[in-house]
A.B. asks: 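Please find one structure pasted underneath; my questions will follow.
Both ligands and their constituent atoms are indexed starting at 1 by order of listing.
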Amino acid sequence: MSHSTPPPDLAPVSIEKMAAGGDGIGHLPDGRVVFVNGGLPGETVQARIVMSKRDFARAVVADVLEASPHRVAPPCPQVANGCGGCGWQHISPEAQLTWKIDIVADALRRTAKLPDAVVRAGGAVGPWAYRSGMRLAVAADGRVGLRAGASHRIVTLDACPVALPDLAALLPELRVEGADEVSLRVGIASGEATAFAHADRAQLTGLPAHVGIGPAAVLHETVAGRSLQVSAASFFQSGPEAAELLVAAVRHACGDALGSVSRGSPLLDAYGGCGLFASALGVPAAVIVESSPSACADARVNAPEAAVVESLFERWAATPAHLVVADPARAGLGRSAVEVLSATGAARVVLVSCDPVSLARDTMLLAEHGYRHDGSTVLDLFPHTPHVEVVTVFDR
Ligand SMILES: C[S@@+](CC[C@H](N)C(=O)[O-])C[C@H]1O[C@@H](n2cnc3c(N)ncnc32)[C@H](O)[C@@H]1O
């Protein structure tokens, strides 16, 4: 074989843009689209094909032929061990937010058919030591870590540079028996901590005495000057800095509508979790709809002025609302939830999305109910990962 002919599973690929999910997109010499894990826009790479379908292929970077100026050596040594926690450590932090904005604009252009949608940069948390909570996998020897990318192998961790120091300090001594996963969280404002194994009869050892153990253990975090109770089994944002940025972006997106919220025209905090928005926005009246019993219990403490309804949002019998903030899980709202949301009669909907494709799908569904996309703000609450967070205003 000549040196100039690459083996059949290797192909040179120019990376054109980033895909949702964080792979670079290019074309194979035969014209098929290829998603290249580790490839950056503007680069030419030697791609190793790992999956080949009729219409597209998946590949990994075997060699970088022309590097992007935004390519950096991953600072964390666990990346070389295969840790799947951070998929974007090979990208400079400044470029990460830019490419997240491009991913969102592309999803709105292609899926929602909005070529001129306004998509702007919001804030970003500091690139290191930002996480106050992590869901970890348990290895056979009881140590905790994260799964390797696209694998069940567990990379055990004694340190983690994206974890806040109080959280990272819990990793080396913790041993877990009888569970495959454990969630750890620290309260930065309170110094409290919780640990929650995802199994009934798990044993956790090696944690300091102040760590509350079990799904009902609580800690407190302060966001926008409000102290929030967060149970171990409830959702919380990636850390307090992320929660502050998100609340500020949602406040800005609500705009003047926030000032007209009243008892007769409340804020609807849909998928409200522990009541972060209803509490931190400081509204006089709110309805929180949330499916997790644990989060509802927290919300009743955190937002005493709100009515908390424990329900799947798509099954909730809508009541009138002046303004809606909706923060669904990755799948987005979907058709049924958009119908419920529209039935509230709210003139403004602020949608918090953590997946660009479900944002684009929800944008189309909201348009069917007369809600016009009025600008998206992209935040980086998970540096070194391709995870996006988008706050979008819809008006009708
Ligand atoms: C992304 S979190 C947002 C929580 C909260 N807004 C916050 O920022 O902390 C989504 C929340 O929706 C809840 N949830 C998931 N599916 C739901 C559904 N179908 N109906 C109502 N709540 C749901 C989850 O329990 C979780 O608390």
Side-chain angles (χ1 to χ4, degrees), residues 122 125 131-133 135 183 185 187 194 196 198 215 218-224 226-251 253-254 267-281 283 286-303 306-319 321 323-341 343-344 349-356 358-359 362 365 377 379 381-382 387-392:
V125 298
R131 291 201 70 130
S132 66
R135 187 166 174 150
S183 291
R185 188 179 286 142
T194 57
F196 163 35
H198 297 258
V218 300
L219 55 69
H220 295 81
E221 192 54 272
T222 302
V223 182
R226 299 282 290 245
S227 173
L228 301 174
Q229 167 182 306
V230 188
S231 299
S234 305
F235 174 89
F236 192 69
Q237 297 293 337
S238 64
E241 193 187 351
E244 290 282 356
L245 277 177
L246 191 56
V247 166
V250 167
R251 187 190 299 283
C254 290
L267 167 81
L268 169 62
D269 185 357
Y271 307 84
C274 68
L276 173 70
F277 298 128
S279 170
L281 293 174
V283 287
V287 177
I288 296 173
V289 182
E290 161 64 45
S291 61
S292 147
S294 162
C296 286
D298 292 336
R300 290 189 181 99
V301 174
N302 296 333
V308 178
V309 183
E310 185 185 315
S311 170
L312 289 172
F313 183 67
E314 57 276 25
R315 300 242 180 102
W316 176 61
T319 54
L323 170 68
V324 176
V325 176
D327 184 9
R330 193 160 292 235
L333 294 168
R335 188 169 290 280
S336 316
V338 168
E339 276 164 18
V340 173
L341 198 152
T344 65
V349 172
V350 174
L351 178 63
V352 181
S353 313
C354 56
D355 182 284
S358 43
L359 162 63
D362 288 341
L365 292 168
T377 301
L379 304 165
L381 307 185
F382 289 89
H387 191 110
V388 303
E389 201 76 25
V390 194
V391 176
T392 303

A.B. asks: Is the closest side-chain heavy-atom distance between D362 and L351 below 4.5 Å?
C.D. replies: yes
A.B. asks: Would you check if there is a donor-acceptor pair between the side chains of N302 and Q229 at a distance under 3.5 Å?
C.D. replies: no
A.B. asks: If you round to the nearest 0.5 Å, how far is SG of C354 from CG of D327?
C.D. replies: 7.0 Å
A.B. asks: Report the C-alpha distance between F277 and L246 in whole Å, list the side-chain angles of each, state the deciding distance to 0.1 Å, and finish with yes or no for side-chain contact (heavy atoms from CB on, under 4.5 Å).
C.D. replies: CA-CA 9 Å; F277 298 128; L246 191 56; 3.8 Å; yes
A.B. asks: Give the protein residues with at least one non-hydrogen atom closer than 4.0 Å to an atom of ligand 1, ordered by chain and number.
C.D. replies: F235, Q237, Y271, G272, G273, L276, F277, E290, S291, S292, S311, L312, F313, E314, D327, P328
A.B. asks: Mind checking the CZ-CZ spacing from F196 to R135? Nearest 0.5 Å is all I need.
C.D. replies: 7.5 Å
A.B. asks: Who are the side-chain hydrogen bond (donor to acceptor under 3.5 Å, both in side chains) partners of S294, not counting sequence neighbours?
C.D. replies: S234
